[in-house]
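We use all heavy atoms of the structure for the numbers below, so side chains are in, but hydrogens, waters and symmetry mates are not. Fair warning: this is a prediction, and the values are worked out from it, not measured in the lab.
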Amino acid sequence: WYIFGLIGCLIVALGLRLFDLENLPVGMWRDEARHGLLALNILNDPGYRPIYVAQADIPALLFYLQSWSVASFGPTVFAVRIVPALAGGLSILSIAYLAHQIWGRTAGLAAAILLATSVWHLWLSRLAFAAVLDPLFTLIGLGLLWRICIGRVAGRDSMIAGLGAGMALGLSLYTYHPARLVPLAATLWVVLSLGRNWSAWRRALPGLVTTVVVGLIVVSPLLNYWLTQTQDFNQRVGQVSLLDRSTSEFTLLTD
């Protein structure tokens, strides 16, 4: 019943997110159009291979994925929106996986149903924005870390889980700005899970080391951009910070 329930949730989620995607929402938001043009540029210009696009102020993962859909469906609204729509639909499986690991199958299915029918997640999935990619990768990474920490995998299997967790958490940093907190969240996740159980730490060590190494390899191009283009990398974060002095009307640091 659990598998059939997940399949049903996935069908509902994808159906709601793909239905008349070309026309709903009506028109294209300016960011959607800009993202589509960047994807088209990646597709048509072999020399254009960005890591972070200062013009759009986000990492370039979404644009690479959209370039594949544009190549398949042409430069259309559907091609630009299909990637976030599929990511939003597949997030039903990732949240079910995480909830199942912690609380069991009933909780996993409940989480899948709630996210599949969530209005905010539904509409965000139908727009060509990168934000919806973040939960897809983050939830998978945290679910695999949980398996490592509680000892459901050990030895070689723990390292395989660490490989998946490192890739998922590393890719999450290429999605949207809040994902920059993922390393902190993952660290707290591990520390709170293992606590002072030193034998559990020793058992989980191979998987945790693999997670860190793989994650650093995946995110290394973005880290290099951060170190060499710090101003561009932090531009958006600085604009929305409550500590930003440039907008004295809203800053917390106003005298």
Side-chain angles (χ1 to χ4, degrees), residues 5-19 21 31-32 35 39 51-52 56 58-69 72 78-103 107-148 160-186 189 211 214-215 217-219 221-222:
L6 283 183
I7 293 174
C9 289
L10 183 61
I11 292 173
V12 170
L14 289 175
L16 291 174
R17 286 155 179 77
L18 295 176
F19 174 75
L21 190 60
D31 287 357
E32 291 186 281
H35 296 169
I51 300 299
Y52 190 97
I58 57 174
L61 176 61
L62 173 66
F63 314 135
Y64 285 103
L65 297 175
Q66 288 176 324
S67 68
W68 296 342
S69 61
S72 301
F78 178 83
V80 173
R81 290 177 173 172
I82 184 64
V83 170
L86 290 176
L90 293 175
S91 295
I92 277 64
L93 299 181
S94 63
I95 197 172
Y97 176 72
L98 177 60
H100 179 195
Q101 296 300 314
I102 304 174
W103 297 293
L109 190 56
I113 293 172
L114 290 173
L115 190 60
T117 56
S118 167
V119 174
W120 68 265
H121 191 267
L122 168 61
W123 280 108
L124 189 61
S125 301
R126 294 179 65 90
L127 294 168
F129 295 162
V132 76
L133 298 176
D134 181 6
L136 174 63
F137 295 118
T138 301
L139 292 170
I140 293 173
L142 293 179
L144 290 170
L145 274 181
W146 180 263
R147 289 181 64 85
I148 295 171
I160 293 174
L163 174 64
M167 291 180 64
L169 296 176
L171 286 173
S172 71
L173 294 172
Y174 288 91
T175 57
Y176 202 58
H177 306 293
R180 298 182 188 185
L181 295 175
V182 166
L184 175 61
W189 186 263
T211 299
V214 173
I217 292 173
V218 171
V219 81
L222 190 62

Determine the minimum heavy-atom distance between R17 and A116, stating which atoms define it.
NH1-O, 3.0 Å
Using the side chain to side chain donor-acceptor pair (under 3.5 Å) rule, collect all pairs that involve residues 130-140, keeping only residues at least two apart or in two chains.
D134-T138
Can you find a pair of side-chain heavy atoms, one from W68 and one from V83, that are under 4.5 Å apart?
no
Taking S118 for the side chain and L114 for the main chain, is one N or O donor matched with an acceptor at less than 3.5 Å?
no
Roughly how far, to the nearest 0.5 Å, is CG of L6 from CD1 of I113?
9.0 Å
Is any side-chain heavy atom of L109 less than 4.5 Å from a side-chain heavy atom of C9?
yes
Evaluate T175 against L136 for side-chain contact (heavy atoms from CB on, under 4.5 Å), listing each step before the verdict.
CA-CA 10 Å; T175 57; L136 174 63; over 6 Å; no
Quick check for you: to the nearest 0.5 Å, what is the distance between L93 atom CG and L115 atom CG?
10.0 Å
Quick one, I82 and L18 - any side-chain contact, counting heavy atoms below 4.5 Å?
yes
Quick check for you: to the nearest 0.5 Å, what is the distance between L144 atom CG and M167 atom CE?
11.0 Å
Do L122 and R126 come within less than 4.5 Å of each other through their side chains, counting heavy atoms only?
yes
Mind listing the closest non-hydrogen atom pair of A99 and A111 along with its distance?
CB-CB, 4.0 Å
W123 CH2: over 12 foreign heavy atoms closer than 6.0 Å
yes
For Y97, which residues count as a ring-ring contact (aromatic ring centres under 6.0 Å, His included) partner, sequence neighbours excluded?
none
Minimum heavy-atom distance L145-A186, with the two atoms named:
CD1-CB, 3.9 Å
Please walk me through it: do Y174 and V218 pass side-chain contact (heavy atoms from CB on, under 4.5 Å)?
CA-CA 10 Å; Y174 288 91; V218 171; 4.2 Å; yes
Would you say the side chain of S172 lies within less than 4.5 Å of the side chain of I140, judging by non-hydrogen atoms?
no
Could you tell me whether the side chain of W189 and the main chain of L142 form a donor-acceptor pair under 3.5 Å?
yes
Roughly how far apart are L133 CG and L171 CG, rounded to 0.5 Å?
10.0 Å
Any pair counted as salt bridge (charged side-chain N to carboxylate O under 4.0 Å, His left out), so long as it reaches residues 79-90, sequence neighbours left out:
E32-R81
Side chain to side chain contact (heavy atoms under 4.5 Å, CB included) with Y176: which of I58, L61, L62?
I58
Nearest heavy-atom pair of A87 and S91: which atoms, and what distance?
O-OG, 2.8 Å
Nearest atoms (heavy-atom pairs only) where G88 meets S125:
CA-OG, 3.4 Å
The reported gap from OG1 in T211 to CG in L169 (rounded to nearest 0.5 angstrom) is 7.0 Å
Can you say whether the rings of F129 and H35 are parallel (under 30°), tilted (30 to 60°) or perpendicular (over 60°)?
perpendicular
For the side chain of S69 and the backbone of A79, is there at least one donor-acceptor N/O pair under 3.5 Å apart?
yes
Hey, could you give me the CH2/CD1 distance between W146 and I102, rounded to the nearest 0.5 Å?
5.0 Å
Indicate the atoms forming the closest heavy-atom contact of L173 with A179, along with that distance.
CD2-O, 2.9 Å
